[in-house]
Number of protein chains: 2
Amino acid sequence: MAEKHELHEKGLRLTPQRELVLSAVRALGHATPEEVAEKVRQTHPGINLSTVYRNLETLENVGLVQHTHLGHGGATYHAAEELTHLHLVCGTCGSVGDAPIDVAANFVQNLSDDYGFKTDVTHFAIYGTCAACVK
Amino acid sequence: MAEKHELHEKGLRLTPQRELVLSAVRALGHATPEEVAEKVRQTHPGINLSTVYRNLETLENVGLVQHTHLGHGGATYHAAEELTHLHLVCGTCGSVGDAPIDVAANFVQNLSDDYGFKTDVTHFAIYGTCAACVK
DNA sequence: AAGCGAGTTGCGAACAATTCGCAGTAGTTA
DNA sequence: TAACTACTGCGAATTGTTCGCAACTCGCTT
């Protein structure tokens, strides 16, 4: 038969809920557990919130998704593929903008050189005010 | 008479709890509401958690303290005076290190130039791995 | 010095977000 | 197909934070 499903390759069982959670994260870009659950319910209404939480955690363990804390209290998840940009969180309007990681390159370098601190650029939330709100 | 108390200058009443919360934040550097409460209880055991939360909020409104989200869920507060450094949060050991804002200067400049995004350097949490945990 | 009114405090309940324990269900492997 | 065990659903338990309300007290005014 063909190649294994990506979840199988990670040693996980392939359940409809699990697939749905993963594809929801991918479709949403970044979303809170609550939002993921809502998305999943569009096609699988019965899914339980606990299941969403557990699957997000599981998927994070195998590296398919990641989470960040974008301000308030809740964690925000996004797919691992999409880890090529920083998150610019606007404290005024709450929007989340993106910027390529390049802009942080020498900043990261500084921290590494001067402090031995290895910045996890993928797990990065930057607070400030977006261009729209500055006006 | 002499100059007004700093809290009076902000239009706030001077209560023992309020002063204690403020000095606890100053003494602790950065701390969660829970930690602040614990600190305050050392000298004023009866203080209520709600009061700590309310005072932190009030003090933040007048600019004497600030909060950041340093990872997990809880907010972390620190005194406004102390806003001269970045927080380097180690995802492995949970420690919070400091670095002068200078290291971020050109990074901030980049974001401003390229995206019109005004980074709030004082409200800044950087995730990564500290020198000690890298080893 | 005494009194008043508004800002504050304590306390307990209300909430929201997240985690846990358990029993039943359903992928997987042999 | 049978059996093993991960996974799901559900409800209860936790944790962190906010709210409503009555009592209190800070700071101003007489």
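Just so it is clear: chains get the letters A, B, ... in the order the sequence lines come, proteins before strands, and each one is counted from 1.
By the 4.0 Å N-to-carboxylate-O rule, A/E6 lies close enough to A/R26 to be salt-bridged with it.
Across D/dG9, C/dT28, C/dG10, the shortest atom-to-atom separation from the side chain of B/N48 is found for C/dG10. With C/dG27, D/dG9, C/dT19 as the choices, the nucleotide that has an atom nearest any side-chain atom of A/Y53 turns out to be C/dT19. Of the candidates D/dT17, C/dT9, C/dT28, the closest approach to any side-chain atom of B/L49 belongs to D/dT17. Nearest to the side chain of B/R18, among C/dT18, D/dG27, C/dT9, sits C/dT9.
For C/dA26, neither phosphate oxygen OP1 nor OP2 lies less than 4.0 angstrom from any side-chain nitrogen or oxygen of A/Q17.
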Problem set entry | ring pair (Phe, Tyr, Trp, His ring centres under 6.0 Å) between B/H78 and B/H87, intermediate numbers included | CA-CA 11 Å; B/H78 44 103; B/H87 295 121; 4.9 Å; yes
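As rounded to whole Å, 9 Å separates atom C1' of C/dT9 from atom CG of B/N55. Between the CG atom of B/L59 and the P atom of C/dT8 there is a distance of 10 Å, rounded to whole Å. Taking atom CD of B/E19 as the reference point, atom P of C/dT9 lies 12 Å away to the nearest angstrom. In this structure, the CD atom of A/E35 is 14 Å from the C1' atom of C/dA17, given to the nearest Å. For the pair A/L7 CG and D/dT8 P, the computed distance is 11 Å after rounding to whole Å. Straight-line distance from the CG atom of B/L20 to the P atom of C/dT9: 11 Å, rounded to whole Å. Distance A/H44 NE2 to C/dA26 P: 11 Å, rounded to the nearest Å. Whole-Å rounding puts the B/L56 CG to C/dT8 C1' distance at 15 Å.
Screening residues 36-47 of chain A for side chain to side chain donor-acceptor pair (under 3.5 Å), with sequence neighbours left out, gives no hits.
Not a single donor-acceptor pair under 3.5 Å links the side chain of A/N55 to the backbone N or O of A/V21. The main-chain N or O of A/I47 is never found under 3.5 Å from a side-chain atom of A/T51 such that the two would form a donor-acceptor pair. Using modelled atom types, one side-chain atom of B/E60 and one backbone atom of B/H67 make a donor-acceptor pair closer than 3.5 Å. Not one N or O on the side chain of A/S112 forms a donor-acceptor pair closer than 3.5 Å with the backbone of A/V108. With A/E19 contributing its side chain and A/P16 its backbone, the two residues share no donor-acceptor pair below 3.5 Å. Side-chain N or O atoms of A/T58 include one that pairs as donor or acceptor with a backbone N or O of A/R54 at under 3.5 Å.
Donor-acceptor pairing under 3.5 Å is recorded for the side chains of A/D113 and A/Q109.
Each of A/G11 and B/L12 has a nearest nucleotide on DNA chain D; the 5'-most of these lies closest to A/G11. Of the two residues contacting DNA chain C, namely A/P33 and B/T15, the nearest-nucleotide position lying further toward the 5' end is that of B/T15.
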List every contact pair, protein side and nucleotides 20-25 of chain C side both N or O, where the distance is under 3.5 Å.
from   : atom 1 : to    : atom 2 : distance (Å)
C/dC20 : N4     : A/S50 : OG     : 3.2
C/dG21 : O6     : A/R54 : NH1    : 3.3

Seminar exercise, completed: Scoring nucleotides 1-6 of chain C by protein non-hydrogen atoms under 4.0 Å (B base, S sugar-phosphate only, - none) yields ----BB
